[in-house]
Every structure is written in structure tokens, then in C-alpha cells.
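A quick write-up on the structure given underneath.
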Amino acid sequence: MNITIDYYSKHAADFVASTQDADMTSLYQKFLSYLPTAGQLLDCGCGSGRDTKYFAQQGYKVTAIDATPELCRKAKELTGQDIICMTFDKINWDRRFDGIWACASLLHLPKQELPSIFNKLTAALKPGGHLYCSFKYGDFEGERNGRYFSDLTEKTLDIAICASRLIIIEQWKTEDVRPNRNEIWLNTILAEVER
Ligand SMILES: C[S@@+](CC[C@H](N)C(=O)[O-])C[C@H]1O[C@@H](n2cnc3c(N)ncnc32)[C@H](O)[C@@H]1O
């Protein structure tokens with residue numbers, strides 16, 4: 001088990017309590033505006049299951065994955081659906097999803113692993129499908145408060161996707177929606193393009 005999954009296993013209850021009620025409305029609206037009604041979604045690193053629950057309530061068919069067994073259990077309790085307990089590197093779907101939602105999750109990968117994971121996510125998208133991802137803004141990479149983080153800027157995200165069939169459709173920065181958090185987030189919506 002890596003330090004990040006170990007951290008989430010030990011702090012699952014606190015993590016769920018601090019994130020499950022976060023208001024993600026404006027992010028949902030932007031992402032869903034690119035998707036067909038009742039489309040197939042992958043919630044990639046679903047944590048508490050907050051977003052899986054919302055998307056399912058909106059009529060989307062949601063597959064949810066997370067690498068932390070304790071969070072998978074909690075997300076199942078919240079959503080009433082099975083959560084696949086797996087790491088991003090095991091993703092092997094072929095043209096399955098209209099959209100992939102990777103909210104604050106890929107940020108735990110080392111930067112050097114991002115290109116191959118973006119390629120796996122691209123392969124899992126239907127042609128023309130869309131991917132949302134968010135990273136903390138900056139250049140830091142390494143352990144921070146018990147978890148591994150790769151912060152990104154516009155430039156380093158470009159580097160991570162440059163070998164993929166993804167293009168940036170929209171990119172914007174936001175403040176953390178949780179109170180008393182001085183963090184800036186880099187939000188990006190990408191689209192799969194046939195090359
Ligand atoms: C900051 S939380 C975000 C959770 C949720 N998406 C949200 O926005 O509240 C990061 C999540 O990614 C999961 N995660 C971290 N590394 C992972 C990996 N390599 N494969 C799959 N999930 C991973 C963690 O278990 C955790 O649930």
C-alpha cells in the first residue's frame with residue numbers, strides 16, 4: 001500500500017466528513033454541459049461517493065473506482081451502488097464512457113506517471129468523450145501531510161497530456177470550496193480527439 005492510500009485508510013471517516021457536503025454545483029454544471037443525457041460516466045477516485053451520488057441522481061450511469069478500500073465501503077453506503085476498488089494504473093476500459101470525472105484524484109500520482117494514466121483514461125473514453133480533472137495549483141511534487149501530491153500549472157498539465165489524444169477545451173482556476181482552505185485549484189475539461 002502506498003503512503004497516500006494508507007493515509008486515506010486511516011483517515012477515511014474524517015475525510016468523508018470534510019468533503020461529502022462540499023458544494024460542487026458550478027463544476028458539475030460545466031462538466032455535464034458537455035455530456036449526453038443519461039450518458040455513461042466514470043468517477044475516477046470517487047472518495048466519499050459524493051459526486052457519484054449526484055450524477056446517478058441526475059440519470060447518468062456511473063461507474064465509480066477508488067483505491068482505498070475503506071472509502072469504497074463508505075461510498076457504497078452513500079450511493080447504494082458497488083464501487084470498484086482499484087488503482088488508476090489498472091484501468092483497462094475501451095471506449096466505454098461519455099465522460100470521466102477525476103476530481104482531486106490524479107493529483108496523488110507522481111508526475112512521471114501522469115502521461116500513461118491520461119492515455120488509459122483517453123482509451124476509456126468514447127470518441128469525442130470528455131474528461132474533467134483538478135489539481136492543486138503549483139509546482140510542488142512530493143509528500144505533503146502524509147500524502148503524495150503532484151501540483152500542476154497550465155504548463156505542466158500540457159506536458160502531462162502532450163503525448164495523448166486529449167485537447168484542452170476549458171481551463172480555469174478556483175478557490176477551495178471548503179472553508180478556511182487557502183488553496184487554488186486548476187480545473188480542466190479535456191476532449192478526446194481522433195488523430
Ligand atoms: C482528495 S481525494 C478526492 C476524492 C473525491 N474525488 C472528491 O473530490 O472528494 C483523492 C481520492 O483518490 C483516491 N486515490 C488516490 N490514489 C489513487 C490511485 N492510485 N488509484 C485510485 N484511487 C486513488 C483516494 O483513495 C481518494 O479517495
Side-chain angles (χ1 to χ4, degrees), residues 2 4-5 8 24 27-28 30-36 38-52 54-56 60-68 71-72 75 79 81-137 141 147-172 185-195:
N2 70 33
T4 301
I5 305 309
Y8 283 112
M24 309 298 281
L27 297 175
Y28 294 149
K30 271 194 195 268
F31 176 60
L32 295 179
S33 71
Y34 291 99
L35 300 185
Q40 294 272 357
L41 295 189
L42 175 65
D43 188 352
C44 198
C46 68
S48 66
R50 174 198 65 220
D51 304 330
T52 290
Y54 177 82
F55 294 138
Y60 294 90
K61 298 170 195 72
V62 191
T63 300
I65 69 167
D66 200 282
T68 305
L71 288 177
C72 291
T79 62
Q81 73 171 67
D82 286 336
I83 310 295
I84 303 173
C85 195
M86 64 184 276
T87 48
F88 304 134
D89 57 301
K90 300 290 189 300
I91 287 175
N92 199 20
W93 286 285
D94 184 29
R95 297 179 172 220
R96 172 77 66 90
F97 301 105
D98 299 289
I100 298 177
W101 175 261
C103 182
S105 56
L106 304 178
L107 81 186
H108 290 311
L109 293 166
K111 280 183 194 173
Q112 65 169 13
E113 291 180 22
L114 285 171
S116 87
I117 300 300
F118 274 119
N119 278 336
K120 285 176 181 290
L121 296 176
T122 311
L125 282 172
K126 292 179 186 172
H130 289 82
L131 162 67
Y132 165 80
C133 61
S134 56
F135 290 82
K136 295 188 190 209
Y137 193 81
E141 177 172 9
R147 290 171 287 176
Y148 196 90
F149 282 96
S150 288
D151 298 349
L152 293 190
T153 61
E154 295 86 344
K155 189 174 170 189
T156 48
L157 181 57
D158 265 349
I159 292 169
I161 62 162
C162 72
S164 76
R165 287 181 288 106
L166 290 168
I167 56 164
I168 294 175
I169 301 293
E170 275 196 76
Q171 193 165 54
W172 70 104
W185 290 84
L186 180 67
N187 303 275
T188 309
I189 291 179
L190 305 110
E192 193 271 356
V193 283
E194 293 291 335
R195 288 198 179 137

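Start at 1 with the first residue, then count along the sequence.
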Next item on the list: Identify which one of Thr122, Leu166, Ile167 satisfies the side chain to side chain contact (heavy atoms under 4.5 Å, CB included) criterion when paired with Val193.
Entry: Ile167

Sequence-distant partners of [X], salt bridge (charged side-chain N to carboxylate O under 4.0 Å, His left out), two or more places apart:
X: Glu141; answer: none
X: Asp89; answer: none
X: Lys61; answer: none

Taking the side chain as every heavy atom from C-beta outward, state whether [X] and [Y] have any atom pair closer than 4.5 Å.
X: Leu186; Y: Thr153; result: no
X: Leu121; Y: Phe88; result: no
X: Gln171; Y: Leu157; result: yes
X: Ile65; Y: Ile83; result: no
X: Asp151; Y: Phe135; result: no
X: Thr63; Y: Trp93; result: yes

Check: [X] side chain, [Y] main-chain N or O, donor-acceptor pair, under 3.5 Å:
X: Ser150; Y: Leu109; result: yes
X: Thr68; Y: Leu71; result: no
X: Thr156; Y: Leu152; result: no
X: Glu170; Y: Ile189; result: no

Mind checking the [atom1]-[atom2] spacing from [X] to [Y]? Nearest 0.5 Å is all I need.
X: Ser164; Y: Ile117; atom1: OG; atom2: CD1; result: 12.5 Å
X: Asn187; Y: Cys103; atom1: CG; atom2: SG; result: 8.0 Å
X: Asn119; Y: Leu114; atom1: CG; atom2: CG; result: 11.0 Å

Closest approach of [X] and [Y], non-hydrogen atoms and distance?
X: Ala124; Y: Ile91; answer: CB-CG2, 4.5 Å
X: Gly128; Y: Glu192; answer: N-OE1, 3.0 Å
X: Leu131; Y: Ala102; answer: CD1-CB, 4.4 Å

Item checked: Cation-pi check, Lys30 onto Trp172 ring (under 6.0 Å, within 45° of axis) -> yes

Next item on the list: Begin from the C-alpha positions of Asp51 and Met24 and carry the test side chain to side chain contact (heavy atoms under 4.5 Å, CB included) through to its verdict.
Entry: CA-CA 8 Å; Asp51 304 330; Met24 309 298 281; 3.9 Å; yes

Check: With sequence neighbours left out, what residues match Thr4 under side-chain contact (heavy atoms from CB on, under 4.5 Å)?
Finding: Asn2, Tyr8, His108, Arg147, Tyr148

Note to self: Does this structure show an ion pair linking Lys126 with Asp98, if we count only N-O contacts that are shorter than 4.0 Å?
What the structure shows: yes

Checklist line | Test log, rule side chain to side chain contact (heavy atoms under 4.5 Å, CB included), inputs Trp185 and Tyr137 | finding: CA-CA 5 Å; Trp185 290 84; Tyr137 193 81; over 6 Å; no

Determine all donor-acceptor pairs shorter than 3.5 Å in which one atom belongs to a side chain in residues 38-48; sequence neighbours excluded.
unit_1	atom_1	unit_2	atom_2	d
Asp43	OD2	Thr52	N	3.2
Asp43	OD2	Thr52	OG1	2.7
Ser48	OG	Arg50	N	3.1

Next item on the list: Could you tell me which residues satisfy side-chain hydrogen bond (donor to acceptor under 3.5 Å, both in side chains) with Gln81, sequence neighbours excluded, listed by chain and number?
Entry: none

Next item on the list: From the options Trp101, Phe55, Phe97, Tyr34, select the one residue that forms a ring pair (Phe, Tyr, Trp, His ring centres under 6.0 Å) with Tyr132.
Entry: Trp101

Item checked: Intermediate values then yes/no, side chain to side chain contact (heavy atoms under 4.5 Å, CB included), Leu190 and Cys133 -> CA-CA 8 Å; Leu190 305 110; Cys133 61; 3.8 Å; yes

